[in-house]
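Working notes, beginning with the structure itself.
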Amino acid sequence: MAKYSGKFIVSLDFELMWGVRDVATRETYGEHLRGVHKALPIILDYFTKYNISGTFATVGLLFFETKNEMLSSLPDQQPKYEDANLFPYGDYLAKQVGADSHLDRYHFAPELIQLIKNTPKQEIGTHTFSHFYCMEPGQTLPDFTQDIKAAVDIAHKRGVHITSIVFPRNQINNEYLDVCAGMGITNYRGNEDSWIYASRSGANENLLRRFVRLLDAYVNISGHHCYADEYMKQNNIINIPSSRFLRPYFARLRLLEGLRLRRIKKSMSYAAKNGLLYHLWWHPHNFGIDHDQNFSFMEKILKHYEDLNKKYDFTSYSMSGFAKVLSDQDVAD
């Protein structure tokens with residue numbers, strides 16, 4: 001093995017309104033969601049400039065061009081969440097979703113998906129069909145199976161072969177991984193190996209964990225979260241865990257921006273020098289506002305990647321691209 005063989009993974013959870021799904025949030029967070037249509041092309045331009053292979057984990061419902069097409073493609077079996085606010089169909093779809101992608105930019109994004117598809121070195125993965133919550137009470141394994149099948153089917157219809165998955169809210173239900181493998185999915189984004197990042201349902205989340213995660217974004221509390229190849233091959237499909245959520249610019253904490261950047265760059269350097277993987281992720285809507293601050297911050301990270309690539313051969317992969325590298329290693333062994 002070469003002295004340096006570090007890997008850099010970037011994934012984005014592309015969900016628009018399907019990740020929030022309540023009218024009140026649309027009113028308070030609508031600018032972020034509308035801003036995705038401006039932010040995502042800029043992200044792609046930066047990825048091209050710095051030779052980054054990104055994985056855009058996309059909610060299947062975003063692929064459609066019209067509401068009628070969407071309605072005709074819904075799974076026959078649908079989750080019956082105890083929290084009715086999580087249900088994406090029924091009254092919500094009937095009353096809140098517009099007629100087509102021209103009239104409703106919260107729930108449709110076929111042109112952005114096509115842009116990703118047309119951009120070299122970018123991957124379109126799945127964020128499930130309906131932003132499916134794998135640990136919320138009321139949903140079942142058969143519900144999930146139908147959901148993933150619908151996600152794979154609509155992607156295939158648009159010429160996209162799905163092999164990577166990112167689970168909504170990072171709710172990873174290990175019992176569901178076999179379903180993913182059966183649908184041709186080779187890898188998923190796991191969580192950081194720490195109690196503050198472990199998968200939980202919404203009801204079991206708490207303020208302490210959220211507060212410690214916030215601190216961890218600025219000060220190294222939980223570790224670098226960089227991973228050796230052997231760690232990622234422990235499940236029936238390859239686990240490519242998260243290293244860091246790229247939090248968006250927050251004006252009240254602007255004096256701490258240097259700490260936030262240092263936290264990320266030090267962990268990237270640690271991965272590059274030790275032949276490990278570093279996995280950065282965020283949502284396009286995180287960059288929906290404060291464009292100047294967010295893109296300036298992101299470019300500093302990408303410039304650091306460029307330096308590490310030249311010095312240590314730190315290499316950018318999509319999730320599926322890296323999963324193939326690991327699978328090829330197994331075949332060679």
Side-chain angles (χ1 to χ4, degrees), residues 6-16 18-19 35-65 101 105 108-129 131 151-152 154-168 184-189 238 240 242-246 268 277-288 291 294-295 297-299 301-306 308-309 314-327:
K7 285 76 61 174
F8 183 49
I9 307 290
V10 175
S11 61
L12 295 95
D13 302 4
F14 185 21
E15 58 195 40
L16 289 179
W18 296 109
V36 170
H37 292 269
K38 177 180 179 180
L40 196 146
I42 298 174
I43 291 171
L44 289 170
D45 286 343
Y46 274 108
F47 283 7
T48 299
K49 178 179 179 180
Y50 289 96
N51 202 27
I52 298 296
S53 293
T55 294
F56 291 78
T58 303
V59 167
L61 287 164
L62 293 176
F63 279 85
F64 295 100
E65 296 182 356
S101 60
R105 294 168 69 81
F108 300 89
E111 74 288 351
L112 292 180
I113 293 171
Q114 188 63 41
L115 183 62
I116 298 167
K117 185 181 175 185
N118 292 343
T119 304
K121 301 187 67 174
Q122 307 309 311
E123 174 192 14
I124 297 173
T126 186
H127 202 37
T128 72
F129 182 73
H131 206 265
V152 170
I154 184 57
H156 179 74
K157 187 175 181 180
R158 298 293 191 261
V160 174
H161 179 54
I162 297 292
T163 56
S164 300
I165 185 169
V166 170
F167 292 94
I185 294 171
T186 64
N187 69 91
Y188 68 100
R189 189 181 72 208
I238 292 170
I240 306 177
S242 166
S243 300
R244 178 66 37 206
F245 169 55
L246 178 57
M268 289 174 64
L277 177 139
Y278 186 83
H279 188 166
L280 187 69
W281 72 277
W282 70 97
H283 307 86
H285 66 245
N286 295 138
F287 286 13
H291 293 138
N294 281 314
F295 285 117
F297 192 93
M298 183 186 73
E299 186 168 29
I301 293 171
L302 299 185
K303 285 181 176 178
H304 187 58
Y305 161 75
E306 190 174 57
L308 295 175
N309 174 259
F314 195 46
T315 304
S316 172
Y317 292 93
S318 66
M319 288 175 61
S320 65
F322 180 62
K324 186 176 186 305
V325 169
L326 290 185
S327 297

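Heads up: numbering here begins at 1 and tracks the sequence. The shown structure was predicted, so the numbers you read here are calculated from the model rather than taken from an experiment.
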Check: Could you walk me through whether Lys121 and Ile52 pass the side-chain contact (heavy atoms from CB on, under 4.5 Å) check?
Finding: CA-CA 7 Å; Lys121 301 187 67 174; Ile52 298 296; over 6 Å; no
Next item on the list: Verify side-chain contact (heavy atoms from CB on, under 4.5 Å) between Phe64 and Ile154, making sure each step is shown before the conclusion.
Entry: CA-CA 8 Å; Phe64 295 100; Ile154 184 57; 3.5 Å; yes
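- The shortest side-chain heavy-atom distance between Val325 and Tyr317 falls under the 4.5 Å cut-off.
- Listed by first and then second residue, the salt bridge (charged side-chain N to carboxylate O under 4.0 Å, His left out) pairs that reach into residues 44-65 are Lys49-Glu299, sequence neighbours excluded.
- A donor-acceptor pair under 3.5 Å is formed between the side chain of Gln122 and the backbone N or O of Pro120.
- With Met319 as reference, Val166 is the one residue of Val10, Val166, Thr163, Ile238 to meet the side-chain contact (heavy atoms from CB on, under 4.5 Å) rule.
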Checklist line | Working for side-chain contact (heavy atoms from CB on, under 4.5 Å), residues Met268 and Leu308 | finding: CA-CA 8 Å; Met268 289 174 64; Leu308 295 175; 3.9 Å; yes
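- Residues Thr119 and Phe47 form no side-chain contact, since every pair of their non-hydrogen atoms from C-beta on lies 4.5 Å or further apart.
- A 4.5 Å side-chain heavy-atom check between Phe56 and Thr58 finds at least one atom pair inside the cut-off.
- For the residue pair Ala57 and His127, the shortest heavy atom distance occurs at O-CB, 3.4 Å.
- The salt bridge (charged side-chain N to carboxylate O under 4.0 Å, His left out) check on Arg244 picks up Asp216, with sequence neighbours excluded.
- To the nearest 0.5 Å, atom CG of residue Leu44 and atom CG of residue Leu112 are 8.5 Å apart.
- In this structure the side chain of Glu15 never reaches within 4.5 angstrom of the side chain of Pro168, judged on heavy atoms.
- Leu280 places none of its side-chain heavy atoms less than 4.5 Å from the side chain of Ser243.
- Shown here are the side-chain contact (heavy atoms from CB on, under 4.5 Å) partners of Lys117, two or more places apart in sequence or in another chain: Gln114, Ile124, Val160.
- Proximity of a side-chain donor or acceptor of Ser318 to a complementary backbone N or O of Gly321 within less than 3.5 Å is detected.
- Between the Ser316 side chain and the Ser53 main chain, a donor and an acceptor come within less than 3.5 Å of each other.
- No more than 12 heavy atoms of other residues, nucleotides or ligands lie within 6.0 Å of NE2 in His156, so this atom counts as exposed by the packing criterion.
- Between Leu302 and Tyr46, some side-chain heavy-atom pair lies under the 4.5 Å cut-off.
- Between the OG1 atom in Thr126 and the OH atom in Tyr188 there is a gap of 16.0 Å [rounded to 0.5 Å].
- In plain terms, the two heavy atoms of Val59 and Phe63 that are nearest each other are O-CD1, 4.0 Å.
- In this structure, the separation between OG on Ser11 and CG on Asn187 is 10.0 Å, given to the nearest 0.5 Å.
- For the side chain to side chain donor-acceptor pair (under 3.5 Å) test, residues two or more places apart in sequence or in another chain that qualify with Ser242 are Glu192, Trp281.
- The distance from atom CD of Glu111 to atom NE2 of His37, rounded to the nearest 0.5 Å, is 6.0 Å.
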Check: Phe14 and Leu40: side-chain contact (heavy atoms from CB on, under 4.5 Å), yes or no, with the steps?
Finding: CA-CA 9 Å; Phe14 185 21; Leu40 196 146; 4.0 Å; yes
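- Lys303 is linked by a salt bridge (charged side-chain N to carboxylate O under 4.0 Å, His left out) to nothing, counting only residues two or more places apart in sequence or in another chain.
- Formation of a donor-acceptor pair under 3.5 Å by the His291 side chain with backbone atoms of Phe287 is found in this model.
- The shortest non-hydrogen separation linking Ala39 to Phe295 is O-CZ, 3.6 Å.
- Using a distance-only test at 3.5 Å, with no hydrogens or angles considered, a donor-acceptor pair links the side chain of Asn286 to the main chain of His283.
- Summarising the geometry, atom OG1 belonging to Thr186 is positioned 7.0 Å from atom CD1 belonging to Ile240; distances are rounded to the nearest 0.5 Å.
- Leu12 is not listed as a side-chain neighbour of Thr55, based on a closest heavy-atom distance of 4.5 Å or more.
- When every heavy atom of Ile43 is checked against every heavy atom of Pro284, the shortest pair comes out as CD1-CA, 4.4 Å.
- Applying the ring-ring contact (aromatic ring centres under 6.0 Å, His included) rule to Phe8 yields the partners Tyr305, Phe314; only residues at least two apart in sequence or on another chain are considered.
- Contact between Ile116 and Glu123 at its shortest, heavy atoms only, is CG2-O, 4.4 Å.
- For the residue pair Ile301 and Leu246, the shortest heavy atom distance occurs at CD1-CD1, 3.7 Å.
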